[in-house]
Amino acid sequence: MNLNNSVTTKAAFSVCVYCGSRSGNQPEFARVAQQVGNWIGRNKGQLVYGGGRNGLMGILADATLAAGGLVIGVIPKALVEKEWAHNGCTELHVVETMHERKRIMAEHADAFLALPGGIGTLEEFFEAWTWRQLGYHDKPVGLLNMGGYYDNLLAFLNSSVKDGFMNEWLMDLIRTGGEAEPLLEALVQAAGMSPTSTRLDQI
């Protein structure tokens with residue numbers, strides 16, 4: 001079910017972002033979600049995300065909208081109240097299942113990016129990565145390792161390579177970085193598109 005009007009304006013690119021429905025206990029988490037949303041909107045892009053208005057999800061969506069970007073939210077009925085569906089989205093799709101949610105998000109994305117978050121964020125990130133490995137899509141996948149948040153995860157993944165459960169090329173399928181704007185720019189360019197404005201540090 002689509003609660004808002006269909007998007008009629010063509011976005012320059014579309015990034016599916018996974019992040020926490022909580023804000024975390026460090027102010028930097030909220031800051032980076034705002035940076036990501038601002039960058040997407042400022043560059044005339046489109047955010048695709050889980051449709052909530054709580055935590056980093058809400059900060060991300062609000063920042064994108066405030067900067068002039070489009071926002072597609074996709075949320076299962078069961079989570080409308082738990083994650084407080086964001087009715088300000090350009091499009092808000094209320095769906096029946098998590099599988100449908102992830103399918104729609106993937107279909108609308110040119111690239112994927114995971115911000116800090118919990119097990120839901122990780123599950124969605126790993127699925128996008130796995131789908132890339134299996135050839136279900138060829139869209140770039142990024143992990144924003146702000147402040148070393150994902151250092152331990154990356155160390156574990158590299159240990160899986162060392163122990164023979166993963167090939168090294170699998171790690172090459174994901175792009176990691178500690179700063180939002182350079183990573184976003186790299187993902188969008190890897191998807192064959194170009195941001196429409198300069199980075200803030202170039203203004």
Side-chain angles (χ1 to χ4, degrees), residues 1-24 29-131 136-137 139-144 180 184 187-188 191:
M1 178 171 57
N2 180 0
L3 298 186
N4 294 346
N5 293 329
S6 297
V7 173
T8 56
T9 304
K10 175 67 174 171
F13 57 86
S14 184
V15 181
C16 177
V17 179
Y18 308 124
C19 62
S21 59
R22 299 183 182 186
S23 298
F29 297 139
R31 177 181 56 80
V32 80
Q34 190 164 28
Q35 282 181 347
V36 169
N38 181 270
W39 189 91
I40 292 171
R42 195 174 74 246
N43 286 280
K44 304 189 186 311
Q46 175 175 273
L47 166 69
V48 181
Y49 85 119
R53 65 179 174 89
N54 283 349
L56 299 188
M57 295 172 73
I59 294 168
L60 171 70
D62 287 342
T64 305
L65 292 166
L70 304 175
V71 175
I72 294 180
V74 189
I75 190 167
K77 279 184 182 178
L79 296 181
V80 167
E81 291 187 7
K82 185 174 181 180
E83 293 183 353
W84 290 94
H86 195 311
N87 291 318
C89 293
T90 314
E91 288 186 13
L92 180 63
H93 299 265
V94 179
V95 298
E96 294 294 331
T97 67
M98 283 293 292
H99 293 293
E100 189 178 4
R101 177 195 219 181
K102 291 184 288 185
R103 176 184 60 79
I104 292 173
M105 289 169 71
E107 287 174 352
H108 283 82
D110 299 314
F112 302 90
L113 176 64
L115 306 188
I119 58 173
T121 299
L122 291 171
E123 188 267 339
E124 290 172 318
F125 163 73
F126 275 109
E127 184 164 82
W129 185 15
T130 301
W131 287 355
Y136 292 164
H137 70 79
K139 302 171 183 180
V141 179
L143 187 69
L144 184 54
L184 281 161
L187 289 170
V188 170

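For this chain, numbers begin at 1 and follow the sequence in order.
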So, Trp39 versus Phe13, ring centres under 6.0 angstrom or not?
yes

Counting C-beta onward and ignoring hydrogens, is there a side-chain heavy-atom pair between [X] and [Y] closer than 4.5 Å?
| X | Y | result |
| --- | --- | --- |
| Leu47 | Thr90 | no |
| Glu107 | Val48 | no |
| Val74 | Ile72 | yes |

Can you confirm whether more than 12 heavy atoms, excluding those of Tyr136, are under 6.0 Å from its OH atom?
no

More than 12 foreign heavy atoms under 6.0 Å from CD of Gln34: is that the case here?
no

What pairs with Arg22 under salt bridge (charged side-chain N to carboxylate O under 4.0 Å, His left out), at least two apart in sequence or on another chain?
none

Taking atom [atom1] of [X] and atom [atom2] of [Y], what is their separation to the nearest 0.5 Å?
| X | Y | atom1 | atom2 | result |
| --- | --- | --- | --- | --- |
| Leu144 | Leu184 | CG | CG | 7.5 Å |
| Asn54 | Ile59 | CG | CD1 | 10.0 Å |
| Leu143 | Phe126 | CG | CZ | 8.5 Å |
| His86 | Ile75 | NE2 | CD1 | 11.0 Å |
| Ser23 | Met57 | OG | CE | 11.5 Å |
| Leu65 | Asn38 | CG | CG | 12.0 Å |

Can you list, pair by pair, the side-chain donor-acceptor contacts under 3.5 Å of residues 118-125, counting residues two or more places apart and other chains?
{"unit_1": "Thr121", "atom_1": "OG1", "unit_2": "Cys19", "atom_2": "O", "d": "3.2"}
{"unit_1": "Glu123", "atom_1": "OE1", "unit_2": "Lys102", "atom_2": "NZ", "d": "3.4"}
{"unit_1": "Glu123", "atom_1": "OE2", "unit_2": "Lys102", "atom_2": "NZ", "d": "2.5"}

Relative to the ring of His93, is the ring of His108 parallel (under 30°), tilted (30 to 60°) or perpendicular (over 60°)?
tilted

Measure the acute angle between the ring planes of His137 and Trp131, then classify it against the limits of 30° and 60° as parallel, tilted or perpendicular.
perpendicular

Main chain of Gly50, side chain of Arg101: is a donor-acceptor contact present, judged purely on distance under 3.5 Å?
yes

Heavy-atom donor-acceptor pair, Lys139 side chain to Ala128 backbone, under 3.5 Å
no

With sequence neighbours excluded, residues passing ring pair (Phe, Tyr, Trp, His ring centres under 6.0 Å) with Phe29
Tyr149

